[in-house]
Amino acid sequence: MRTRFAPSPTGPLHLGHAYSAILAHDMALRAGGEFLLRIEDIDQSRARPEWEDLIYEDLSWLGLSWETPVMRQSERQPVYRDILTKLWNSDILFACTCNRRDILAAASAPNEGEPVTGPDGIVYPGTCRTHRSDRGRRPIPQEASLRLDMERAASEVVAFEETGHGPQGETGSITSTPCELVSEIGDVVLARRDMGTSYHLSVVIDDAEQCITHVTRGQDLFEATKIHVVLQHLLGLPTPVYHHHRLIRDDQGKRLAKRDDARAIRTYRDDGASPEDIRRLIGLA
Ligand code: GLU
């Protein structure tokens, strides 16, 4: 049993991260398994070394230990590039130059009905998918994002095992038909123009590279898991067991955000709290 915690170093860890990390760590410990750490720093415009240092400090202070070396996604661009090239050559991606405004305008056109929202926002209305001339064995265009052509990618029912709960209480075997994948998720971005990859592509490649058998993470990523399973099928990678957990919320019921410094682990540390206090606060004592 191998599980992991995969924070992005774009701000201080807060109580929600502590919940996720401790839950994954304790699950591994109980099963006699391994707990790994991965720094998800593909967004180099937001990642900072000082946030990464603070991640190690906070987790150690919480009493967690992890396998080394720690994987850092910023060092894995060539791997992502190779896999994207393979997908591009198999004619399953298309280049997209739409920005958010274009997508909103196209999705709100009178003949489109109500825009559908998926894990990444509005389901892509397909504007650039029709430009088929840029597909195939040509170099990958530099100035465009690359989207997965979901209609071509989703050829069969995909499934994963959920041992936690999705936001609507979903648990057990979670299946998605090709039709659901096309209408509810659509042509997601696999390589952002400014990043050369995306969260979805990197997380799938790296969970497989780290031989993760159990993915523990927040319920906000439950729907995105359907994308991950499609990618695992396309790339011939195993599908781990998923355990999506509840989100830690503030007093108003809003989920905690990175900018919510008041609930940063560092703030609690500075105020003299103990790791046991943190466990009690998040219900993991
Ligand atoms: N890096 C993601 C985050 O910080 C977590 C991704 C995951 O656990 O799959 O929200």
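Whatever order the structure lists them in is the order used to number ligands and atoms, beginning at 1. For the numbers below, each heavy atom of this structure counts, side chains included, while hydrogens, waters and symmetry mates do not.
Ring geometry for His17 against Phe5 counts as perpendicular: the plane angle is over 60°, on a 0 to 90° scale with 30° as the lower cut.
Under 3.5 Å, the side chains of Thr267 and Asp270 contain no donor-acceptor pair of N or O atoms. Using modelled atom types and a 3.5 Å distance limit, the side chains of Gln210 and Arg38 yield a donor-acceptor pair.
Those atoms of ligand 1 that come under 4.0 Å of a heavy atom in Val203, given as number and element, are 9 (O). Close contacts between ligand 1 and Glu40 involve ligand atoms 1 (N), 2 (C), 5 (C), 6 (C) [criterion: under 4.0 Å to a heavy atom]. Atoms of ligand 1 found under 4.0 Å from any heavy atom of Ser8, numbered from 1 in the order shown, are 1 (N), 4 (O). Residue Tyr199 approaches ligand 1 through these ligand atoms, each under 4.0 Å from one of its heavy atoms: 6 (C), 7 (C), 9 (O). Taking every non-hydrogen atom of Arg4 and a distance limit under 4.0 Å, the qualifying atoms of ligand 1 come out as 7 (C), 8 (O), 9 (O).
Residues His214 and Pro240 have side chains not in contact (no heavy-atom distance under 4.5 Å, counting atoms from C-beta outward).
Using a 4.0 Å cutoff on heavy atoms, Phe5 does not count as a contact of ligand 1. Distances from ligand 1 to the non-hydrogen atoms of His17 include no value under 4.0 Å.
Residues Met150 and Asp187 come closest through the heavy atom pair N-OD1, 3.0 Å.
Each of Val157, Val158, Val230 was compared with Pro178 under the side chain to side chain contact (heavy atoms under 4.5 Å, CB included) criterion, and only Val157 meets it.
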